[in-house]
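Take a look at the structure set out below.
Just the heavy atoms: all of them, side chains too, but no hydrogens, waters or symmetry mates, feed the values below. Ligands are counted one by one from 1 in listed order, and the atoms in each one are counted from 1 as well.
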Amino acid sequence: MIFLKATPAAVKKAAASIRKGGTVVFPTETVYGLGADALNPLAVARIFEIKKRPEFDPLIVHVASIRQAKALAFVTPKAEALMKKFWPGPLTLVLPKKKKVPDLVTAGLDTVALRMPADPVALALIKRARTPVAAPSANRFGRLSPTTAAHAKKQLKNGPDVILDGGKTRIGVESAVLLLKGRRASLLRHGGLTLEEIEKATGPLAAGPDGGKKPRSPGRLAGHYSPSAKLVLLGKRKFRFKKGLRYGYLAFTKKPALKIKCAAVLSPSGSLQEAAAGLFSHLHRLDEAGVDVILAEPVPQRGLGRAIMDRLKRAAGKPLK
Ligand code: TXA
Ligand code: MG
């Protein structure tokens, strides 16, 4: 494994590794991804191995242009309008797939998830690799997503061939995942592009990710995005402390009145952007402090707050509402 600062020369090296069937950790504007040549099933298999990810969970394919997307999926005018409006950016579109996408990438589904990331390092890497790049978040399956290269290295150890360090990611939560099938559009995952922004372009969506009983995206399981510590999402009911356990606290705008040693504040000014950008970093840090339980305050359920609450609820292992 080589760990490189994401200079143009390093991106060139990483792209060569992808062309040879290697795996590369790279920054995007949302979280770090673990990428490989999406058209090379052996390379894609390495991603599942390194992440310890079950093969029923399909991957997002990252592209550097709409033209590249059209080679992989059937792009309707409606889908193309969304690409033009929101790409490059934190919106993943799930579309009917073309034959050339390997089954391992889509877990045998007849759809493929596509996204054009906005981070210049990610875009340069995909362009240089001259192939679409399949990449899930660069964490062990079910664990906290990485917003720094160090987070990814800690979880994946020497698994990937190259790690590109492009600093802290700007948005901090994963992309929104929108399913477009026939005339239907439904949101499978809240993310970096907010529901409000999406609906401004699409009109009201049929159902949100919490609308149905079972998650329609195979990877949307309760218990995802979990720190090692047990996470408790604070609610209306009073919380009882247990003796002998070490507690950490994730506050929204201010430290709690309670005496807790490890407390983190997501955003003193109440900005949901700032809260999303720091969410996983704070959880990584609380985990490293070795607490047994992390108490997390809820944040307002609007804008990026929906994605934050989604991650906190899943980290707490709560079933969907
Ligand atoms: O921001 C992001 O989206 C990051 C960066 C690296 O791009 N990637 C990411 O990938 O979060 P991952 O694998 O951690 O999450 C992909 C989600 C999973 O919930 C998966 O089940 C869903 O997208 N997904 C992928 N293909 C799908 C498909 N064909 N149908 C339904 N859901 C799909
Ligand atoms: Mg993930």
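- At most 12 non-hydrogen atoms from other residues, nucleotides or ligands lie less than 6.0 angstrom from NZ of Lys255.
- Remark: the backbone N or O of Ser228 is paired with a side-chain donor or acceptor of Asp287 at under 3.5 angstrom.
- Near Val94, meaning under 4.0 Å from any of its heavy atoms, are these atoms of ligand 1: 28 (C), 29 (N), 30 (N).
- For the pair Arg189 (side chain) and Ser175 (backbone), a donor-acceptor distance under 3.5 Å is present.
- Legend: protein N/O/S atoms lying under 2.8 Å from the Mg ion (ligand 2), waters omitted, number 1.
- A distance-only check finds no donor-acceptor pair linking the side chain of Ser271 to the backbone of Ser267 [under 3.5 Å].
- Under 4.0 angstrom from ligand 1, the non-hydrogen atoms of Asp57 all belong to its side chain.
- Proximity of Leu188 to ligand 1 is established by a heavy-atom distance of less than 4.0 Å.
- If you look at Thr111 next to ligand 1, the close heavy atoms, those under 4.0 Å, come from the backbone and the side chain alike.
- Near Gly33, with a cut-off below 4.0 Å to any heavy atom, the atoms of ligand 1 are 6 (C).
- Atoms of ligand 1 found under 4.0 Å from any heavy atom of Ser137, numbered from 1 in the order shown, are 8 (N), 9 (C), 10 (O), 12 (P), 14 (O).
- Residue Lys97 places no heavy atom under 4.0 Å from ligand 1.
- Less than 4.0 angstrom separates some heavy atom of Ile60 from each of these atoms of ligand 1: 3 (O), 8 (N), 9 (C), 10 (O), 16 (C).
- Judged purely by atom type and a 3.5 angstrom limit, Lys51 uses its side chain to pair as donor or acceptor with the backbone of Ser137.
- Close approach to Arg53 involves these atoms of ligand 1, each under 4.0 Å from a residue heavy atom: 12 (P), 13 (O), 14 (O).
- No chain of hydrophobic side-chain contacts below 4.5 Å, direct or via other Ile, Leu, Val, Met, Phe, Trp or Tyr residues, connects Val173 to Phe26.
- Residue Ala113 has at least one heavy-atom neighbour below 4.0 Å for each of these atoms of ligand 1: 25 (C), 26 (N), 27 (C).
- Annotation: Arg189 places an N or O atom under 3.5 Å from an N or O atom of ligand 1; distance criterion only.
- Panel note: side chain Glu80, backbone Lys70; no donor-acceptor pair is recorded below 3.5 Å.
- Using modelled atom types and a 3.5 Å distance limit, the side chains of Thr28 and Asp119 yield no donor-acceptor pair.
- Side-chain atoms of Glu199 do not come within 3.5 Å of backbone N or O of Pro204 as any donor-acceptor pair.
- Figure legend: Lys97 and Phe74 shown without cation-pi pairing, the cationic atom not lying both under 6.0 angstrom from the six-membered ring centre and within 45 degrees of its axis.
- A donor-acceptor pair under 3.5 Å is formed between the side chain of Tyr247 and the backbone N or O of Lys242.
- Contacts with ligand 1 closer than 4.0 Å are made by side-chain heavy atoms of Arg115 only, the backbone lying farther away.
- For the pair Asp161 (side chain) and Thr23 (backbone), a donor-acceptor distance under 3.5 Å is present.
- Close approach of ligand 1 to Pro136 (heavy-atom distance below 4.0 Å) involves ligand atoms 10 (O), 12 (P), 13 (O).
- Note that Arg311 lies in the cation-pi zone of Tyr225, set by a 6.0 Å cut-off to the ring centre and a 45° limit from the axis.
- Under a 4.0 Å criterion applied to the non-hydrogen atoms of His62, ligand 1 contributes the atoms 5 (C), 6 (C), 7 (O).
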